[in-house]
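Residues take their numbers from the sequence shown, with the count starting at 1.
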Amino acid sequence: MDIDSPPTLPFDPSSPSAHTHFDLPAFSASFPLPFRVLFLIGLAILLWGTNLHILHLLGLDTSWILDLRDPPPDVVELDSLPHTLDDVDTASDTPVRPTGNTPISRALRPESGKLYGPVYKLFLLYTAWVGGGWTVFRAVTGADPEAMEKCRWLVGVVAVGAAVGAIAPWRGVGERERAGLRRAIKRIFLPPLNSPVFFSDVILADILTSFAKVLGDLWVSTCQIWNGGITEGRVAQTGLSNWITLSMVCLPYALRFRQCLLEYYQSSWTSPRPLANALKYFSAFPVILLSALQKSVVSEIASAKGMTVAELGDTHDRWFGEHRLFRLWLLAVVVNSMYSFYWDVELDWGLSLCEIDTWLGPSRSRGENAGGMASPGGPGGSRARSRTGDGSGSSWFWGKTRRLWTRASSIAHQRSPCPTPSPQFDHLEHLDPVLNGRGGTSSAVSAPSSAFGLRSILLLPDPIVYYLFTIIDLVLRFTWSLKLSSHLHTISEIESGVFMMEALELARRWMWVFVRVEWEAVKMGEAARLGRARGAVVWDEGEKDEEK
């Protein structure tokens with residue numbers, strides 16, 4: 001599950017020793033919560049590097065697809081300027097535009113083959129810093145809780161050093177990547193109303209939603225380092241600190257929700273698909289809030305059982321399952337998980353495995369729509385599945401509902417303020433603008449007619465990969481169900497179980513990125529092909545001053 005689960009019982013500061021636990025679990029003693037948070041951040045860096053690396057090996061120009069751009073020289077950050085121009089792409093497909101006092105400038109775009117190397121270097125540097133700090137901490141404290149409390153300042157130094165290294169502008173390893181990350185975070189947190197939503201920003205914001213639990217743990221870790229209690233693990237906070245933890249968990253979904261509303265605003269209030277996407281992220285808030293509210297019924301459940309709150313916790317009883325708030329929370333989880341899974345497969349990946357027509361066959365009362373890219377998988381968009389109703393009864397309603405997800409105006413995100421116009425391609429029939437060099441050999445494969453529920457254009461090596469990814473996505477979307485089995489529910493209550501679920505969510509997001517970027521590549525290639533056939537301008541060529 002992406003969002004926070006019912007928290008553990010709060011630590012009682014009136015106990016004989018607020019910081020000493022002689023029965024400290026081995027996992028918490030060797031791997032305190034702050035280091036677990038730092039580990040998951042490092043894992044995300046490594047997974048992103050492998051995303052970029054494998055996508056490049058598959059022949060995709062990820063720099064083009066993600067629309068990664070260095071800013072023009074008059075607005076570029078000092079630390080993001082390359083020492084040489086050997087690692088940037090200034091090919092003719094990059095538009096020339098006037099900027100500021102410079103009459104003419106050309107936007108710089110890094111080569112796809114040189115994107116993952118600096119990310120790997122950043123990961124190695126990060127691992128050396130955090131791993132070294134963890135090794136020193138272990139050597140100094142051992143598994144003694146009192147020593148861990150006394151040396152928690154060392155954990156703070158490691159965490160602050162990693163944060164400063166990522167945010168501060170300094171020349172060195174991955175300076176372009178760090179500068180690009182700062183610009184992306186600024187756009188995500190403070191987006192101008194008239195600025196298009198970068199596709200790379202969408203990917204980053206979606207990755208942040210997989211960090212919802214980790215962000216909550218980040219605040220808990222900060223409190224533990226500052227106030228003490230580093231040996232307590234994931235102890236629920238109280239008072240204002242509890243509300244901050246809740247806000248940290250909600251933050252990624254709020255940012256992605258705002259992005260969707262911004263896309264709806266920029267469509268002149270005409271495209272309903274951003275609203276449907278916004279609803280998906282909004283459905284996470286009831287899960288988070290109902291999860292937090294379950295803490296308020298601890299005393300009520302304990303009284304009904306004739307025991308104290310501490311005794312209730314010692315019995316490992318599934319107290320939250322006996323209250324109506326749990327049932328509401330469970331309903332919210334089911335709605336959010338099913339909605340998110342459907343959106344992953346149908347809209348983010350462009351597959352039809354979740355469609356009724358795929359399993360039962362197309363209804364005879366609905367005809368085919370030859371609208372090409374009106375559907376992500378239509379005849380011009382890799383899957384002949386876009387259909388309209390016949391104007392009567394339920395078929396009319398069904399057709400209206402389907403068009404919510406297949407509207408042509410929402411087949412792709414808006415491009416960056418300095419977009420690459422669709423060039424003329426001579427070599428490839430389909431995915432010219434997204435393959436390496438825009439003139440290489442296509443690695444696209446056509447799914448055979450027996451490839452159940454897939455599209456006709458696949459860029460991953462084997463159709464079986466899509467089925468495997470779909471099954472894994474479904475299972476990991478419902479990892480919350482471990483809590484519902486009496487013989488498995490404790491896996492979510494121990495520190496290692498929570499850590500495992502957080503790591504699995506990052507792995508799910510890593511897998512999701514491959515097919516999400518691949519589907520964007522297919523749409524861009526198909527849009528370019530259809531644009532040439534119809535004589536239309538596929539992508540917005542930018543502001544008027546760029547056209548002069």
_Trp129-Tyr126 aromatic ring centre distance below 6.0 Å_ =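 No - the distance between ring centres of Trp129 and Tyr126 does not fall below the 6.0 Å cut-off.
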Do [X] and [Y] have side-chain heavy atoms sitting under 4.5 Å apart?
X: Asp201; Y: Gln259; value: yes
X: Ile45; Y: Glu177; value: no
X: Ile230; Y: Leu33; value: no
X: Trp134; Y: Val158; value: no
X: Phe198; Y: Ile203; value: no
X: Arg516; Y: Asp206; value: no
X: Arg273; Y: Leu347; value: yes
X: Val345; Y: Tyr466; value: no

Would you call the rings of [X] and [Y] parallel, tilted or perpendicular if under 30° counts as parallel and over 60° as perpendicular?
X: Phe285; Y: Phe257; value: perpendicular
X: Phe31; Y: Phe39; value: perpendicular
X: Trp269; Y: Tyr264; value: perpendicular

Has [X] got a side-chain atom pairing as donor or acceptor with [Y]'s backbone, closer than 3.5 angstrom?
X: Ser195; Y: Pro191; answer: no
X: Thr245; Y: Ser241; answer: yes
X: Arg178; Y: Pro169; answer: no
X: Thr358; Y: Ser352; answer: yes
X: Asp473; Y: Phe341; answer: no
X: Trp170; Y: Gly165; answer: yes
X: Arg152; Y: Glu149; answer: yes

_Test side-chain contact (heavy atoms from CB on, under 4.5 Å) on Asp217 and Glu502; report intermediate values, then the result._
CA-CA 10 Å; Asp217 289 347; Glu502 290 173 337; 2.5 Å; yes
_As a test of understanding, state which of Thr470, Val515, Leu460, Leu458 forms a side-chain contact (heavy atoms from CB on, under 4.5 Å) with Val465._
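Going through Thr470, Val515, Leu460, Leu458 one by one, the side-chain contact (heavy atoms from CB on, under 4.5 Å) with Val465 is satisfied by Leu460 alone.
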*Go through the steps to decide whether Tyr116 and Thr50 satisfy the test side-chain contact (heavy atoms from CB on, under 4.5 Å), and finish with yes or no.*
CA-CA 7 Å; Tyr116 53 86; Thr50 58; over 6 Å; no
Taking all non-hydrogen atoms of both residues into account, name the closest pair between [X] and [Y] and its distance.
X: Pro286; Y: Ala332; answer: CB-CB, 4.2 Å
X: Val197; Y: Gln266; answer: N-OE1, 4.1 Å
X: Val287; Y: Ser283; answer: CG2-O, 3.7 Å
X: Val130; Y: Phe35; answer: O-CE2, 4.2 Å
X: Leu504; Y: Leu476; answer: O-CD1, 3.6 Å
X: Phe211; Y: Leu40; answer: CZ-O, 3.9 Å

Gap between atom [atom2] of [Y] and atom [atom1] of [X] - 0.5 Å precision:
X: Leu154; Y: Ile225; atom1: CG; atom2: CD1; result: 10.0 Å
X: Leu506; Y: Leu47; atom1: CG; atom2: CG; result: 6.5 Å
X: Arg187; Y: Leu255; atom1: CZ; atom2: CG; result: 13.5 Å
X: Leu215; Y: Leu208; atom1: CG; atom2: CG; result: 7.0 Å
X: Trp519; Y: Asp348; atom1: CH2; atom2: CG; result: 11.0 Å
X: Leu290; Y: Leu331; atom1: CG; atom2: CG; result: 9.0 Å

_Test side-chain contact (heavy atoms from CB on, under 4.5 Å) applied to Leu52 and His56, step by step_ = CA-CA 6 Å; Leu52 296 174; His56 173 71; over 6 Å; no
*Looking at Arg256, Arg509, Glu505, which one forms a side chain to side chain donor-acceptor pair (under 3.5 Å) with Thr209?*
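Considering Arg256, Arg509, Glu505, a side chain to side chain donor-acceptor pair (under 3.5 Å) with Thr209 is found only for Arg509.
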A quick test of your reading: do over 12 heavy atoms of other residues, nucleotides or ligands sit less than 6.0 Å from [atom1] of [X]?
X: Met511; atom1: CE; value: yes
X: Trp512; atom1: CH2; value: yes
X: Phe282; atom1: CZ; value: no

*Side chains of Trp64 and Ser112: do they bring a donor and an acceptor to under 3.5 Å?*
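No, no side-chain donor-acceptor contact under 3.5 Å.
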*Does one side chain, of Glu111 or Ser63, offer a donor that lies under 3.5 Å from an acceptor on the other?*
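Short answer, no.
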*Does the distance from a Lys or Arg side-chain N to an Asp or Glu carboxylate O, for Arg455 and Glu518, drop under 4.0 Å?*
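Glu518 and Arg455: salt-bridged.
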*Could you walk me through whether Ile472 and Arg508 pass the side-chain contact (heavy atoms from CB on, under 4.5 Å) test, one step at a time?*
CA-CA 7 Å; Ile472 294 175; Arg508 187 197 67 81; 5.5 Å; no
